[in-house]
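The structure appears right after this line, and notes come after that.
What you see is a predicted model, and the numbers here were worked out from it, not measured in a lab.
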Amino acid sequence: MNSPNPNSLKYRFTKGLLKALARINKHQPRSSSSSSREIQRRYRRIKTAAYASMACAVGTRRAWSRELLWKIRNQARNGGVLRRIGRSTTSTHYPMKKRSQKKPVVEGLGRVHELRKVVPGGEDMDTWSLLEETAHYMKCLTTQVKVMRTIVAIYSTT
């Protein structure tokens, strides 16, 4: 059997996610409370761990990963409450390409505006950079889903 490549995105993400899940499980309340509040709390912790693990695996090479890491750090500083102030949260924290002045909306560019809302950090990117970041972000989300499905399959059979 081949050993996994420790430099691959999938390997780095899996390693980070498993460590984060172990920490979450370690801090689990001793009572087997299944209240909806506790389930929601664990859901948010797992979701944050998955995003943080992916962003850490990618590193700061990508604008979307910098944005996610910045949001997660601020969320922790604000006591777990994620607040979005203003239109952009990254412009003063990480250098990114700025959009030029507003241009007339051309047919089909409304979708670019919607895409800016979906990709972390997309508000501050020009269209070309946004498309590059979107392609990479989608690849990483696909990897994230595959890894998480594999983890569920492994733990479901035990």
Side-chain angles (χ1 to χ4, degrees), residues 1-29 37-99 111-158:
M1 184 169 134
N2 294 337
S3 62
N5 178 3
N7 295 324
S8 75
L9 175 69
K10 192 176 199 177
Y11 178 85
R12 292 189 316 263
F13 167 67
T14 304
K15 184 178 174 184
L17 180 61
L18 290 175
K19 283 182 179 181
L21 292 175
R23 278 193 308 272
I24 291 170
N25 196 35
K26 186 178 179 181
H27 295 351
Q28 177 181 349
R37 179 180 240 170
E38 183 59 32
I39 291 171
Q40 283 289 50
R41 186 176 296 131
R42 289 181 62 80
Y43 165 79
R44 284 191 306 270
R45 286 181 183 157
I46 292 168
K47 181 179 174 183
T48 301
Y51 280 124
S53 299
M54 183 56 71
C56 286
V58 170
T60 58
R61 293 183 302 256
R62 294 291 184 166
W64 69 263
S65 64
R66 291 190 303 264
E67 174 76 6
L68 272 178
L69 290 171
W70 187 83
K71 282 183 179 181
I72 291 167
R73 279 189 211 109
N74 281 336
Q75 181 181 13
R77 286 183 194 140
N78 294 332
V81 179
L82 183 61
R83 294 184 182 160
R84 187 175 184 99
I85 301 170
R87 208 177 126 228
S88 171
T89 56
T90 60
S91 60
T92 58
H93 303 286
Y94 296 105
M96 285 193 275
K97 293 180 182 178
K98 293 287 184 183
R99 284 187 284 171
R111 293 180 190 243
V112 172
H113 178 69
E114 293 298 317
L115 194 56
R116 289 185 197 287
K117 295 178 188 176
V118 175
V119 177
E123 300 91 358
D124 296 326
M125 291 180 220
D126 61 78
T127 305
W128 181 253
S129 298
L130 178 65
L131 293 174
E132 285 181 317
E133 290 290 321
T134 301
H136 190 265
Y137 186 56
M138 288 173 56
K139 173 187 162 199
C140 290
L141 288 175
T142 303
T143 300
Q144 187 180 50
V145 169
K146 287 178 184 176
V147 168
M148 292 178 87
R149 282 184 178 165
T150 302
I151 291 171
V152 167
I154 289 169
Y155 283 103
S156 295
T157 59
T158 58

### Side-chain heavy atoms of C140 within contact of W64, under 4.5 Å
yes
### Salt-bridge criterion met for E114 and R111 (N-O under 4.0 Å)
no
### Distance-minimising heavy-atom pair for R66 and T60
NH1-O, 2.8 Å
## Note on the structure
Shortest non-hydrogen pair, C56 vs L69, comes out as SG-CD2, 3.7 Å
### Query
So which heavy atom on L68 is nearest to which on Y51, and how close?
CD1-CD2, 4.0 Å
### Task
Identify, with sequence neighbours excluded, every residue that meets side chain to side chain donor-acceptor pair (under 3.5 Å) alongside R23.
none
### Message
For residues 137-149, which residue pairs pass the side-chain hydrogen bond (donor to acceptor under 3.5 Å, both in side chains) check, not counting sequence neighbours?
### Response
none
### Query
Going from CE on M148 to CG on L141, what distance comes out if it is rounded to the nearest 0.5 angstrom?
11.0 Å
### Task
Rounded to the nearest 0.5 Å, what's the gap from CD1 on I72 to OG on S53? Could you check?
8.5 Å
### Message
Could you measure the distance from the CD atom of E132 to the OG1 atom of T127? Nearest 0.5 Å is fine.
### Response
11.5 Å
### Message
For E133, run the salt bridge (Lys or Arg N to Asp or Glu O under 4.0 Å) check against R116, R61, R62 and tell me which one passes.
### Response
R62
### Query
With side chains defined as the heavy atoms from C-beta onward, is the minimum distance between V58 and H136 less than 4.5 Å?
yes
### Task
Kindly indicate whether the side chain of L131, heavy atoms from C-beta on, has any atom under 4.5 Å from the side chain of L115.
yes
### Task
Please say which of R42, R41, Q40 ends up in a side chain to side chain donor-acceptor pair (under 3.5 Å) with E38.
R41
### Query
What distance separates T14 OG1 from K19 NZ, expressed to the nearest 0.5 Å?
12.5 Å
### Query
How long is the gap from CD1 on I151 to CG on L17, to the nearest 0.5 Å?
4.5 Å
### Query
Would you say the side-chain atoms of R12 pair up with the backbone N or O of N7, donor to acceptor, closer than 3.5 Å?
yes
